[in-house]
Amino acid sequence: QVQLVESGGGLVQAGVSLRLSCAASGRTFGIYDMGWFRQAPGKEREFVAVITRSGATYYADSVKGRFTISRDNAKNTVYLQMNTLKPADTAVYYCAVHSYGSYYYESGYNYWGQGTQVTVSS
């Protein structure tokens with residue numbers, strides 16, 4: 001069982017930066033591939049980024065070049081640095097533990113946090 005707690009969301013203006021954190025319980029954090037997803041109002045949850053246990057990273061095209069995912073295994077934490085935020089980035093952001101299959105679909109993740117709201121005003 002893994003518990004995930006996201007933090008760092010808020011209301012910001014377009015163009016600024018924000019860093020989300022996701023703290024995980026358990027002693028085996030380092031073996032997990034960790035992902036970030038987001039869900040905007042009225043839309044399905046979508047893939048944002050993933051970082052593997054070896055540190056490889058993959059991003060959705062919509063955030064590539066603006067967002068950076070990283071991890072600190074000593075702190076059991078994964079981060080999402082979001083730069084040059086746009087109103088289209090407004091969503092609830094979730095971190096999740098990847099279990100099998102594709103990184104790009106939520107069905108491949110078996111543990112989820114409660115989410116943190118990010119609202120970007122124009």
Side-chain angles (χ1 to χ4, degrees):
Q1 187 78 10
V2 178
Q3 292 184 327
L4 303 172
V5 179
E6 301 95 336
S7 61
L11 171 61
V12 297
Q13 289 188 329
V16 304
S17 299
L18 205 58
R19 189 177 80 159
L20 306 183
S21 300
C22 172
S25 64
R27 299 180 180 180
T28 57
F29 175 78
I31 71 171
Y32 299 132
D33 299 336
M34 299 294 300
W36 284 97
F37 281 71
R38 67 186 182 185
Q39 187 167 22
K43 295 187 177 181
E44 294 185 353
R45 192 152 51 183
E46 64 175 4
F47 170 80
V48 174
V50 65
I51 184 166
T52 69
R53 69 196 75 179
S54 63
T57 58
Y58 304 94
Y59 298 92
D61 288 343
S62 59
V63 307
K64 202 172 294 183
R66 298 189 299 122
F67 290 12
T68 302
I69 188 171
S70 62
R71 65 191 299 160
D72 185 337
N73 290 339
K75 296 182 178 180
N76 280 15
T77 301
V78 61
Y79 304 98
L80 186 67
Q81 177 67 43
M82 305 185 295
N83 298 331
T84 319
L85 282 162
K86 305 175 181 179
D89 296 318
T90 295
V92 177
Y93 284 72
Y94 300 88
C95 67
V97 177
H98 180 260
S99 61
Y100 71 98
S102 172
Y103 289 131
Y104 301 100
Y105 299 101
E106 59 179 304
S107 58
Y109 295 76
N110 58 346
Y111 294 106
W112 293 83
Q114 83 290 347
T116 185
Q117 175 72 47
V118 173
T119 303
V120 184
S121 64
S122 58

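Quantities reported herein were computed from a predicted structural model and do not represent experimental measurements.
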Query raised in the report: If you count the non-hydrogen atoms of other residues, nucleotides and ligands that lie under 6.0 Å from NZ in Lys43, is the total more than 12?
Result: no

Report summary line: Here the pair of heavy atoms bringing Tyr59 nearest to Ile69 is OH-N, 2.9 Å

**Report entry** Closest non-hydrogen atom pair, Arg45 against Glu106
**Finding:** NH2-OE1, 3.0 Å

Query raised in the report: Out of curiosity, Leu80 CG to Met34 CE, how far, rounded to the nearest 0.5 Å?
Result: 11.5 Å

Requested in this report: Verify the cluster assignment for Phe67 and Val16: are they in a single hydrophobic cluster under the rule of side-chain heavy atoms below 4.5 Å apart?
Outcome: yes

**Report entry** Gln3 CD to Asn76 CG distance, which is reported to the nearest 0.5 Å
**Finding:** 12.5 Å

Requested in this report: Check whether any side-chain heavy atom of Tyr32 lies under 4.5 Å from a side-chain heavy atom of Val2, and answer yes or no.
Outcome: yes

Requested in this report: Assess the side chains of Asn83 and Ser17: does a donor N or O sit below 3.5 Å from an acceptor N or O?
Outcome: yes

Query - Smallest separation among heavy atoms of Ala14 and Ser122, with atom names - result: CB-CA, 4.4 Å

Query raised in the report: Given side chains that start at C-beta, do those of Gln117 and Thr90 come closer than 4.5 Å, heavy atoms only?
Result: yes

Query - Minimum-distance pair of heavy atoms, taken over all atoms of Asp33 and Thr52 - result: OD1-CA, 3.1 Å

Query - Over 12 non-hydrogen atoms of neighbours within 6.0 angstrom of OH in Tyr105 - result: no

Query raised in the report: Just wondering, more than 12 heavy atoms not from Gln114 lying within 6.0 Å of its CD?
Result: yes

Requested in this report: Considering non-hydrogen atoms only, spot the tightest contact between Tyr58 and Phe47 and give its length.
Outcome: O-CZ, 3.6 Å

Show me the donor-acceptor pairs, under 3.5 Å and distance only, between side chains in residues 91-100 and residues at least two apart or in other chains.
{"residue": "Tyr93", "atom": "OH", "partner": "Arg38", "partner atom": "NH1", "Å": "2.9"}
{"residue": "Tyr93", "atom": "OH", "partner": "Asp89", "partner atom": "O", "Å": "2.6"}
{"residue": "His98", "atom": "NE2", "partner": "Tyr100", "partner atom": "O", "Å": "3.1"}
{"residue": "His98", "atom": "NE2", "partner": "Gly101", "partner atom": "O", "Å": "2.9"}
{"residue": "Ser99", "atom": "OG", "partner": "Gly108", "partner atom": "O", "Å": "3.0"}
{"residue": "Tyr100", "atom": "OH", "partner": "Ser107", "partner atom": "O", "Å": "3.4"}

Query raised in the report: Do the ring planes of Tyr109 and Trp112 sit parallel (below 30°), tilted (30 to 60°) or perpendicular (above 60°)?
Result: tilted

Query raised in the report: Below 4.5 Å, heavy atoms only, C-beta onward: do Val50 and Phe37 meet side chain to side chain?
Result: no

Query raised in the report: Roughly how far, to the nearest 0.5 Å, is CG of Leu4 from OH of Tyr111?
Result: 9.5 Å

Query raised in the report: Roughly how far, to the nearest 0.5 Å, is OG1 of Thr68 from CE of Met82?
Result: 11.0 Å

Report summary line: In this structure, SG of Cys22 is separated from CZ of Phe29 (nearest 0.5 Å) by 7.0 Å

Report task. Enter the distance from Thr57:OG1 to Arg71:CZ here, rounded to the nearest 0.5 Å. Result -> 11.5 Å

Query raised in the report: Does the side chain of Glu6 come within less than 4.5 Å of Leu20's, by heavy atoms?
Result: no

Requested in this report: May I ask whether Tyr79 and Val118 are part of the same hydrophobic cluster, defined by side-chain heavy atoms of I, L, V, M, F, W, Y residues being less than 4.5 angstrom apart, directly or through others?
Outcome: no

